[in-house]
Amino acid sequence: MSNTDQLDALINQLVHANDPEEVKVLYRQWAATYDNDLDSFGYVAPQIGTALFCQLLADTDAKIHDAGCGTGLVGKLLHSLGYTNIDGSDFSADMLKKARDTGTYKHLLQADYTQTISLQSDTYHGVISIGVYTKRFKQHFLGEMLRIIKPGGYLLFSCRPLYYEEVANLVMQLHLDGSIETSSVTEDDYMKGQGAKAFYVALKKSTTNAL
Ligand SMILES: C[S@@+](CC[C@H](N)C(=O)[O-])C[C@H]1O[C@@H](n2cnc3c(N)ncnc32)[C@H](O)[C@@H]1O
């Protein structure tokens, strides 16, 4: 992608897209230039999200899942910090190919978070998901992410302000039904070049496995 207006338009289209097939096509077209494009927009969410995630999960042997790994920006950061046991998933085959080329993921899976993910329950010490949450997911996404996390494990995900009210309600529900023990939210930069902020939401899955 060559100019800022085109990139702005693409991001806007992705934020408002309702049809998963449309989203897939957009990421197929974007995969080749994604890293450079977002670098030029000052996309700092992977760095900020990874730093918060590492505070939750300091054990570098922990089994981690990068949900919506895209081209692998989060996996590369985790790997550079010494984490070696990282899996990832994404529904775009083109983004997954880029992630595979980084050599930082043990297993990569094509998955759609509006459906049941073909991963066993209680598998990961932590799941990180940066730049992925959208209004299409509703409570299904959080339910699936918590399902694949071990009791007492952590989920860290980013969410744009546009979705935050919905997310705050979902998190309250998870507290009420006993699925999570703790939650915290950090507001920080998302795309610095655009002055865009995001909420980084951290959840600890209950040790009593209420799911
Ligand atoms: C903005 S990118 C973020 C990628 C990476 N986490 C990062 O920070 O660079 C969003 C990713 O979510 C994936 N995605 C979007 N909708 C999805 C869905 N329904 N199921 C699985 N992955 C999805 C896209 O294919 C894309 O790779």
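Ligands are counted one by one from 1 in listed order, and the atoms in each one are counted from 1 as well.
- Pairs passing the side-chain hydrogen bond (donor to acceptor under 3.5 Å, both in side chains) check and including a residue from residues 191-201, sequence neighbours excluded, read Asp8-Gln194, Asp189-Lys197.
- Side chains of Thr207 and Glu181: a donor on one and an acceptor on the other come within 3.5 Å.
- Residue pairs meeting the ring pair (Phe, Tyr, Trp, His ring centres under 6.0 Å) criterion with at least one partner in residues 33-76, sequence neighbours excluded, are Trp30-Tyr34, Tyr43-Tyr190, His65-Tyr124.
- Ligand 1 is surrounded by Tyr27, Tyr34, Tyr43, Pro46, Gly68, Cys69, Gly70, Leu73, Asp90, Phe91, Ser92, Met95, Ala111, Asp112, Tyr113, Ile130, Gly131, Val132, Arg136, Phe137, each with at least one heavy atom closer than 4.0 Å.
- Between the side chains of Asp90 and Ser92, no donor-acceptor pair of N or O atoms lies under 3.5 Å.
- If you run side-chain contact (heavy atoms from CB on, under 4.5 Å) between Val201 and each of Leu142, Leu155, Val171, only Val171 comes through.
- Every residue two or more places apart in sequence or in another chain that forms a ring pair (Phe, Tyr, Trp, His ring centres under 6.0 Å) with Phe199 is listed here: Tyr164.
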